[in-house]
2 protein chains.
Amino acid sequence: MRKQVLIFGLAGGVLVTLLQWTEFHFVVLEHSVAIYGVLIAILFAGTGIWLGTRLLAPRERIVEVSVPAAVPSFAKDEAARERLGITRRELEILELVARGLSNREIGETLFVSENTVKTHCSRAFDKLGARRRTEAVLRGKELGLLS
Amino acid sequence: MRKQVLIFGLAGGVLVTLLQWTEFHFVVLEHSVAIYGVLIAILFAGTGIWLGTRLLAPRERIVEVSVPAAVPSFAKDEAARERLGITRRELEILELVARGLSNREIGETLFVSENTVKTHCSRAFDKLGARRRTEAVLRGKELGLLS
DNA sequence: CAGCGCGTCATACTTTCGCATGATTTCTTC
DNA sequence: GAAGAAATCATGCGAAAGTATGACGCGCTG
């Protein structure tokens, strides 16, 4: 968090410097407004993107989780997940496994590589004491992880 | 990441053009730079947020609610089995698949070779329209084949 | 009896899984 | 600001799973 702020401030300083420099040297009066505009635009577009990713994305994620289930058993999943030390991402992938998707398809669905899916799967299987995906799905349902 | 940069640069170019155009045509009035700045800032902050949410966090989740009624258990299995043209042996193996057993374990359980299990599995998967055992289990439950 | 469905098995081949290991990055937390 | 958790990705390897094809025996049935 501090890192972003730092980089951000640094960029701002660079911009200011650059702006003054350019203005005082070769891009004088008539273009100054344009320059200012561009710089401000860049600055605020960056801020907007930053805000969008940092602040709005998590909210969207929460919506994803809470909307679909119609909320009969959400806290239960969470409790079971927590108890087993399974991360949210792992559970997410486990759910797709239970839907019969291959690792490749899961990767495409979640926009991550197949390798990543495999990693999550392995960890989840390990935590579930399962050695195959079918077994993992079964255990997941038994333990209240999956509906 | 590259995509965003590209779009970002594009937006920048568009802005420069637009800005110069507007400046030389109808907004040359004596508005202060600050007003331009604020307007552009607002505009691009919004754009940035839009970009951030649109491009950097494209996530969706499709969740369905399947309702497997588990009341009449045996006759229904038979009916579904018959309807799908699945033999008893195939269903038997499918049940063990759903229990998370490997082909080898199934073979040992039923005293047949692993190859035989594979054959039955392939045929059953084909009749279920499944390409993976996890998918087959899911379809089996949806169709009332498996409890 | 000839044909058919079913169960059994094999061989060969391709694809997918699962495991181990290590690296990088981001975020949180103390 | 150091440390840990979490997510991401890669590579390599062996083990499963899945596909295709052919074959054999058994029981039923027209």
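We name chains A, B, ... by the order of the sequence lines, and we start the count at 1 in each one.
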B:K127 side chain to B:G85 backbone, donor-acceptor under 3.5 Å: yes
Set out, line by line, the N/O atom pairs under 3.5 Å between protein and nucleotides 28-30 of chain D.
none

Value in whole Å for how far the P atom of C:dT16 lies from CZ of A:R131: 23 Å
For atom CZ of A:R89 and atom C1' of D:dC9, their distance in whole Å: 13 Å
Nearest heavy-atom neighbours spanning B:I86 and B:R81: O-NH1, 2.6 Å
Proximal nucleotide (of C:dG18, D:dA7, C:dT8) relative to the A:R133 side chain: C:dG18
Euclidean distance, atom CZ of residue A:R88 to atom P of D:dA6 [Å, nearest integer]: 10 Å
Integer-rounded Å distance: D:dA6 P and A:H120 NE2: 11 Å
Touch class at under 4.0 angstrom, heavy-atom based, for A:T87 against every strand present: sugar-phosphate
Length of the CG-P vector between A:L94 and C:dC17, whole Å: 14 Å
Minimal non-hydrogen separation, A:N103 against A:C121, with atom names: OD1-SG, 3.8 Å
Residue pair A:E108 / A:L101, side-chain heavy-atom distance below 4.5 Å: no
Residue pair B:A136 / B:L128: nearest heavy atoms and the distance that separates them: O-CD1, 3.8 Å
Flag side-chain contact, heavy atom, 4.5 Å: B:L94 against B:V137: no
If you restrict it to nitrogen or oxygen atoms, what contacts under 3.5 Å exist between nucleotides 10-16 of chain D and the protein, and what is each distance?
| from | atom 1 | to | atom 2 | distance (Å) |
| --- | --- | --- | --- | --- |
| D:dA10 | OP2 | A:N115 | ND2 | 3.3 |

Check: B:V117 and B:L110 side chains under 4.5 Å, non-hydrogen atoms: no
Separation of D:dA7 P from A:F111 CZ (nearest whole Å): 18 Å
Shortest non-hydrogen contact between B:L143 and B:A80, atoms and distance: O-CB, 3.4 Å
Atom-to-atom span, CD of A:E90 to C1' of C:dG18 - whole angstrom: 15 Å
Working for side chain to side chain contact (heavy atoms under 4.5 Å, CB included), residues B:R99 and B:E105: CA-CA 11 Å; B:R99 285 201 161 74; B:E105 290 167 344; over 6 Å; no
Interatomic distance where CZ belongs to A:R123 and C1' belongs to D:dA6 [whole Å]: 8 Å
